[in-house]
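What follows is a single structure, written as C-alpha coordinates, with notes after it.
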Amino acid sequence: MKYYFPFGETVKPLVQEDRTPKKVFVLGVYASAVHARWMNGSSIKCHALAVASEPRIFWDGNPKEAAEIISRIKIPQEMGTLEPADEKFNGPSAKVLDEHILAPLGFTRKDAWLCDLLPETRLNKGQTDALEREYDTDREKYGLNEVTIPKRPSRFCNSKRCEEIVAELEESKAELLVLLGDIPIKQFLNVVAHVNYKSLQEYKERYGYGIPTDVTINGRHIKVLPLAHPRQIGGLGSHSNNWYNAHQEWELHR
(Lines give C-alpha, C1' and ligand atoms only; values in the text may rest on other atoms or scores of the structure.)
Protein backbone atom coordinates (compact mmCIF):
# COMPACT_ATOMS: atom_id res chain seq x y z
CA MET A 1 0.00 0.00 0.00
CA LYS A 2 1.26 3.46 -0.90
CA TYR A 3 1.23 6.27 1.64
CA TYR A 4 1.20 9.93 0.64
CA PHE A 5 2.64 13.11 2.12
CA PRO A 6 0.81 16.44 1.84
CA PHE A 7 1.10 17.77 -1.73
CA GLY A 8 1.57 14.34 -3.21
CA GLU A 9 5.00 12.79 -2.55
CA THR A 10 4.91 9.06 -1.84
CA VAL A 11 6.47 7.52 1.26
CA LYS A 12 9.54 5.43 0.41
CA PRO A 13 11.22 2.87 2.66
CA LEU A 14 14.74 3.87 3.69
CA VAL A 15 17.22 0.99 3.76
CA GLN A 16 20.97 0.46 3.70
CA GLU A 17 22.25 1.03 0.16
CA ASP A 18 25.88 -0.06 0.48
CA ARG A 19 25.57 -3.79 1.18
CA THR A 20 29.27 -4.54 1.60
CA PRO A 21 30.46 -5.97 4.95
CA LYS A 22 30.52 -3.49 7.82
CA LYS A 23 32.05 -3.24 11.29
CA VAL A 24 29.00 -1.93 13.14
CA PHE A 25 25.23 -2.37 12.72
CA VAL A 26 23.12 0.53 14.01
CA LEU A 27 19.43 -0.08 14.73
CA GLY A 28 17.10 2.90 15.20
CA VAL A 29 13.33 3.16 15.53
CA TYR A 30 11.70 4.63 12.42
CA ALA A 31 12.57 6.73 9.41
CA SER A 32 12.29 10.51 9.44
CA ALA A 33 11.33 12.83 6.58
CA VAL A 34 12.34 15.99 4.72
CA HIS A 35 10.72 18.97 6.44
CA ALA A 36 9.66 22.22 4.81
CA ARG A 37 8.61 25.58 6.20
CA TRP A 38 5.13 26.31 4.85
CA MET A 39 4.64 30.02 4.24
CA ASN A 40 1.66 32.13 3.19
CA GLY A 41 3.13 35.51 2.36
CA SER A 42 4.99 36.60 5.48
CA SER A 43 2.96 34.30 7.70
CA ILE A 44 4.28 30.88 8.75
CA LYS A 45 1.62 28.18 8.46
CA CYS A 46 3.92 25.42 9.71
CA HIS A 47 7.56 25.65 10.79
CA ALA A 48 8.44 22.07 9.82
CA LEU A 49 5.99 20.08 7.71
CA ALA A 50 7.02 16.57 6.62
CA VAL A 51 6.70 16.64 2.82
CA ALA A 52 8.93 13.86 1.42
CA SER A 53 10.94 10.81 2.35
CA GLU A 54 14.58 11.42 3.14
CA PRO A 55 16.91 10.65 0.21
CA ARG A 56 18.69 7.95 2.26
CA ILE A 57 18.60 6.35 5.68
CA PHE A 58 19.85 8.61 8.50
CA TRP A 59 20.10 11.53 6.06
CA ASP A 60 22.23 14.39 7.37
CA GLY A 61 19.82 17.15 6.29
CA ASN A 62 22.09 18.58 3.57
CA PRO A 63 20.53 22.03 2.83
CA LYS A 64 21.12 21.84 -0.94
CA GLU A 65 19.45 18.44 -1.13
CA ALA A 66 16.57 19.67 1.03
CA ALA A 67 16.05 22.69 -1.23
CA GLU A 68 16.15 20.54 -4.37
CA ILE A 69 13.65 18.00 -3.02
CA ILE A 70 11.26 20.68 -1.78
CA SER A 71 11.48 22.63 -5.06
CA ARG A 72 9.98 19.66 -6.92
CA ILE A 73 6.81 19.68 -4.83
CA LYS A 74 3.89 21.52 -6.44
CA ILE A 75 1.63 23.56 -4.18
CA PRO A 76 -1.34 25.71 -5.25
CA GLN A 77 -0.34 29.36 -5.34
CA GLU A 78 -3.29 30.27 -3.12
CA MET A 79 -1.97 27.94 -0.39
CA GLY A 80 1.42 29.64 -0.20
CA THR A 81 4.94 28.32 -0.71
CA LEU A 82 7.30 25.69 0.66
CA GLU A 83 10.92 26.35 1.56
CA PRO A 84 13.49 24.35 3.55
CA ALA A 85 12.79 24.29 7.26
CA ASP A 86 15.43 25.47 9.72
CA GLU A 87 18.42 23.14 9.62
CA LYS A 88 17.62 21.79 13.10
CA PHE A 89 14.52 20.09 11.67
CA ASN A 90 16.30 18.12 8.93
CA GLY A 91 18.78 15.39 9.76
CA PRO A 92 19.41 16.09 13.46
CA SER A 93 19.57 12.40 14.43
CA ALA A 94 22.07 11.68 11.66
CA LYS A 95 24.39 14.41 12.91
CA VAL A 96 24.25 12.95 16.42
CA LEU A 97 24.91 9.49 15.00
CA ASP A 98 27.98 10.64 13.09
CA GLU A 99 29.49 12.92 15.74
CA HIS A 100 28.48 11.38 19.05
CA ILE A 101 28.10 7.65 18.38
CA LEU A 102 30.16 6.50 15.40
CA ALA A 103 33.10 8.89 15.86
CA PRO A 104 33.69 8.07 19.55
CA LEU A 105 33.65 4.37 18.60
CA GLY A 106 36.26 5.03 15.93
CA PHE A 107 33.88 4.50 13.01
CA THR A 108 32.62 6.51 10.05
CA ARG A 109 29.51 6.04 7.93
CA LYS A 110 31.52 3.76 5.62
CA ASP A 111 31.95 1.35 8.54
CA ALA A 112 28.25 1.29 9.46
CA TRP A 113 25.20 -0.63 8.32
CA LEU A 114 22.15 1.46 9.19
CA CYS A 115 18.68 0.10 9.84
CA ASP A 116 15.38 1.09 11.48
CA LEU A 117 12.75 -1.11 13.07
CA LEU A 118 10.28 0.63 10.75
CA PRO A 119 11.89 1.77 7.49
CA GLU A 120 9.12 4.27 6.69
CA THR A 121 8.20 7.57 8.29
CA ARG A 122 5.14 8.04 10.48
CA LEU A 123 3.21 11.10 11.69
CA ASN A 124 3.68 12.35 15.23
CA LYS A 125 1.05 14.43 16.99
CA GLY A 126 2.59 17.75 15.93
CA GLN A 127 2.43 16.78 12.26
CA THR A 128 -1.11 15.47 12.59
CA ASP A 129 -2.30 18.67 14.28
CA ALA A 130 -0.65 20.87 11.62
CA LEU A 131 -2.28 18.90 8.81
CA GLU A 132 -5.72 19.05 10.38
CA ARG A 133 -5.36 22.78 10.97
CA GLU A 134 -3.71 23.95 7.74
CA TYR A 135 -4.04 21.26 5.05
CA ASP A 136 -7.22 19.26 5.50
CA THR A 137 -9.50 22.31 5.63
CA ASP A 138 -8.59 23.29 2.03
CA ARG A 139 -7.69 19.89 0.59
CA GLU A 140 -10.90 19.28 -1.35
CA LYS A 141 -11.13 22.88 -2.49
CA TYR A 142 -7.78 22.61 -4.31
CA GLY A 143 -8.06 18.97 -5.32
CA LEU A 144 -5.16 17.82 -3.15
CA ASN A 145 -4.42 14.27 -2.08
CA GLU A 146 -5.39 12.90 1.29
CA VAL A 147 -2.43 12.39 3.61
CA THR A 148 -2.48 8.66 4.29
CA ILE A 149 0.69 8.22 6.35
CA PRO A 150 -0.25 6.31 9.52
CA LYS A 151 0.23 7.89 12.91
CA ARG A 152 3.27 6.99 15.01
CA PRO A 153 2.50 3.52 16.43
CA SER A 154 3.39 2.01 19.78
CA ARG A 155 4.79 -1.11 18.08
CA PHE A 156 7.25 -0.59 15.25
CA CYS A 157 8.40 -4.14 14.69
CA ASN A 158 6.53 -7.45 14.34
CA SER A 159 8.05 -10.94 14.22
CA LYS A 160 8.40 -10.86 10.43
CA ARG A 161 10.26 -7.55 10.57
CA CYS A 162 12.52 -8.95 13.30
CA GLU A 163 13.45 -11.79 10.94
CA GLU A 164 14.23 -9.29 8.20
CA ILE A 165 16.49 -7.30 10.51
CA VAL A 166 18.30 -10.46 11.62
CA ALA A 167 18.90 -11.27 7.96
CA GLU A 168 20.34 -7.78 7.43
CA LEU A 169 22.50 -8.17 10.52
CA GLU A 170 23.93 -11.43 9.16
CA GLU A 171 24.46 -9.90 5.71
CA SER A 172 26.34 -6.97 7.26
CA LYS A 173 28.93 -9.25 8.94
CA ALA A 174 29.08 -6.61 11.69
CA GLU A 175 30.51 -7.72 15.05
CA LEU A 176 28.95 -4.85 17.02
CA LEU A 177 25.22 -4.09 17.25
CA VAL A 178 24.35 -0.58 18.47
CA LEU A 179 20.76 -0.08 19.65
CA LEU A 180 19.36 3.45 19.86
CA GLY A 181 17.08 3.82 22.87
CA ASP A 182 14.57 1.58 24.64
CA ILE A 183 12.40 0.55 21.70
CA PRO A 184 15.00 -1.53 19.79
CA ILE A 185 15.76 -3.33 23.06
CA LYS A 186 12.10 -4.11 23.75
CA GLN A 187 10.87 -4.80 20.24
CA PHE A 188 13.91 -6.42 18.61
CA LEU A 189 16.55 -7.67 21.04
CA ASN A 190 14.03 -9.19 23.44
CA VAL A 191 12.50 -11.09 20.52
CA VAL A 192 15.65 -12.46 18.89
CA ALA A 193 17.97 -12.97 21.88
CA HIS A 194 17.61 -14.12 25.47
CA VAL A 195 18.61 -11.09 27.54
CA ASN A 196 17.81 -10.18 31.13
CA TYR A 197 16.87 -6.53 30.56
CA LYS A 198 14.03 -4.76 28.77
CA SER A 199 15.14 -1.14 28.87
CA LEU A 200 18.25 1.00 28.67
CA GLN A 201 17.88 1.85 32.36
CA GLU A 202 17.94 -1.85 33.30
CA TYR A 203 20.98 -2.38 31.08
CA LYS A 204 22.78 0.57 32.67
CA GLU A 205 22.05 -0.75 36.16
CA ARG A 206 23.43 -4.19 35.28
CA TYR A 207 26.41 -3.36 33.07
CA GLY A 208 26.92 0.40 33.01
CA TYR A 209 26.22 2.91 30.25
CA GLY A 210 28.21 2.44 27.06
CA ILE A 211 29.62 -0.97 28.05
CA PRO A 212 29.14 -3.62 25.32
CA THR A 213 28.09 -7.15 26.26
CA ASP A 214 27.81 -10.47 24.43
CA VAL A 215 24.59 -11.82 22.95
CA THR A 216 23.72 -14.69 20.63
CA ILE A 217 21.41 -13.94 17.69
CA ASN A 218 20.44 -16.73 15.33
CA GLY A 219 23.37 -18.81 16.56
CA ARG A 220 25.97 -16.07 16.04
CA HIS A 221 27.83 -14.40 18.91
CA ILE A 222 27.92 -10.61 18.66
CA LYS A 223 28.63 -7.62 20.88
CA VAL A 224 25.62 -5.44 21.69
CA LEU A 225 25.87 -1.81 22.78
CA PRO A 226 22.59 -0.14 23.82
CA LEU A 227 22.88 3.65 23.82
CA ALA A 228 20.42 6.49 24.34
CA HIS A 229 18.26 7.65 21.45
CA PRO A 230 19.84 10.48 19.39
CA ARG A 231 17.18 12.86 20.73
CA GLN A 232 18.55 12.31 24.24
CA ILE A 233 22.20 12.32 23.20
CA GLY A 234 21.90 15.54 21.22
CA GLY A 235 19.56 17.33 23.64
CA LEU A 236 17.03 17.64 20.82
CA GLY A 237 13.66 19.02 21.90
CA SER A 238 12.12 17.23 24.87
CA HIS A 239 14.85 15.02 26.32
CA SER A 240 16.25 13.57 29.52
CA ASN A 241 19.20 15.38 31.06
CA ASN A 242 20.17 12.11 32.76
CA TRP A 243 20.75 10.33 29.45
CA TYR A 244 22.36 13.40 27.92
CA ASN A 245 24.83 13.58 30.80
CA ALA A 246 25.45 9.84 30.79
CA HIS A 247 26.38 9.94 27.12
CA GLN A 248 28.57 13.02 27.58
CA GLU A 249 30.45 11.14 30.29
CA TRP A 250 30.81 8.11 28.01
CA GLU A 251 32.23 10.24 25.19
CA LEU A 252 34.64 11.96 27.54
CA HIS A 253 36.19 8.67 28.60
CA ARG A 254 36.32 6.91 25.24
Side-chain angles (χ1 to χ4, degrees), residues 1-15 27-38 44-59 61 66 69-70 73 75 79-80 82 84-86 88-94 96 114-162 164-165 179-188 190-191 198-200 228-232 234 236-240:
M1 179 178 177
K2 285 188 176 181
Y3 298 129
Y4 292 92
F5 287 96
F7 307 114
E9 290 288 303
T10 58
V11 173
K12 300 172 185 176
L14 301 180
V15 298
L27 183 60
V29 181
Y30 71 113
S32 189
V34 178
H35 292 84
R37 182 188 294 113
W38 183 4
I44 299 176
K45 293 171 73 70
C46 182
H47 286 277
L49 184 69
V51 293
S53 291
E54 293 185 327
R56 56 193 163 275
I57 190 169
F58 279 94
W59 174 57
I69 291 167
I70 291 166
I73 300 170
I75 173 173
M79 295 189 74
L82 299 177
D86 288 344
K88 67 181 179 180
F89 294 114
N90 281 319
S93 291
V96 171
L114 307 179
C115 184
D116 281 312
L117 295 176
L118 180 61
E120 299 175 336
T121 195
R122 291 295 183 260
L123 294 179
N124 59 30
K125 187 178 185 304
Q127 291 291 316
T128 301
D129 290 347
L131 289 168
E132 290 177 353
R133 182 179 66 249
E134 303 292 352
Y135 183 84
D136 291 342
T137 52
D138 288 328
R139 183 177 64 79
E140 292 186 4
K141 178 180 178 181
Y142 294 108
L144 299 171
N145 64 284
E146 180 183 0
V147 177
T148 54
I149 305 169
K151 294 180 181 179
R152 184 186 188 280
S154 57
R155 175 154 290 278
F156 297 87
C157 186
N158 57 24
S159 58
K160 180 177 182 295
R161 179 59 183 155
C162 282
E164 293 172 351
I165 295 170
L179 304 176
L180 303 181
D182 283 336
I183 295 175
I185 296 173
K186 294 176 182 177
Q187 298 186 17
F188 175 72
N190 272 260
V191 175
K198 294 184 178 180
S199 69
L200 184 58
H229 189 277
R231 181 182 66 255
Q232 314 289 359
L236 306 172
S238 177
H239 66 279
S240 162

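Because the structure is a prediction, the values reported are computed rather than measured.
- Across all their heavy atoms, H35 and F89 have their closest contact at ND1-O, 3.3 Å.
- A donor-acceptor contact shorter than 3.5 Å is absent between the side chain of D182 and the backbone of S199.
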Let's go through I69 and E9 carefully: what are the C-alpha distance in whole Å and the side-chain angles of both, what is the deciding distance for side-chain contact (heavy atoms from CB on, under 4.5 Å) to 0.1 Å, and is it a yes or a no? CA-CA 10 Å; I69 291 167; E9 290 288 303; 5.6 Å; no
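- Side chain of S53 to main chain of V11: no donor-acceptor pair is present (N/O by atom type, distance under 3.5 Å, no hydrogens or angles).
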Stepwise side-chain contact (heavy atoms from CB on, under 4.5 Å) test for N190 and I185: CA-CA 6 Å; N190 272 260; I185 296 173; 3.6 Å; yes
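- The backbone N or O of M79 lies less than 3.5 Å from a partner atom in the side chain of W38, making a donor-acceptor pair.
- The pair D129-K125 meets the salt-bridge criterion, with a side-chain N (NZ, NE, NH1 or NH2) lying under 4.0 Å from an Asp/Glu carboxylate O.
- Contact between Y4 and T10 at its shortest, heavy atoms only, is CE2-CG2, 3.2 Å.
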Do V147 and T128 pass the side-chain contact (heavy atoms from CB on, under 4.5 Å) test, and can you show the C-alpha distance, the side-chain angles, and the key distance before you say yes or no? CA-CA 10 Å; V147 177; T128 301; over 6 Å; no
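- Residue A52 comes nearest to I73 through the heavy atom pair CB-CD1, 4.5 Å, listed as atom of the first residue, atom of the second, then distance.
- Closest of all the heavy-atom pairs between A66 and N90 is CB-ND2, 4.2 Å.
- Residues passing the side chain to side chain donor-acceptor pair (under 3.5 Å) test with E134, sequence neighbours excluded: K45.
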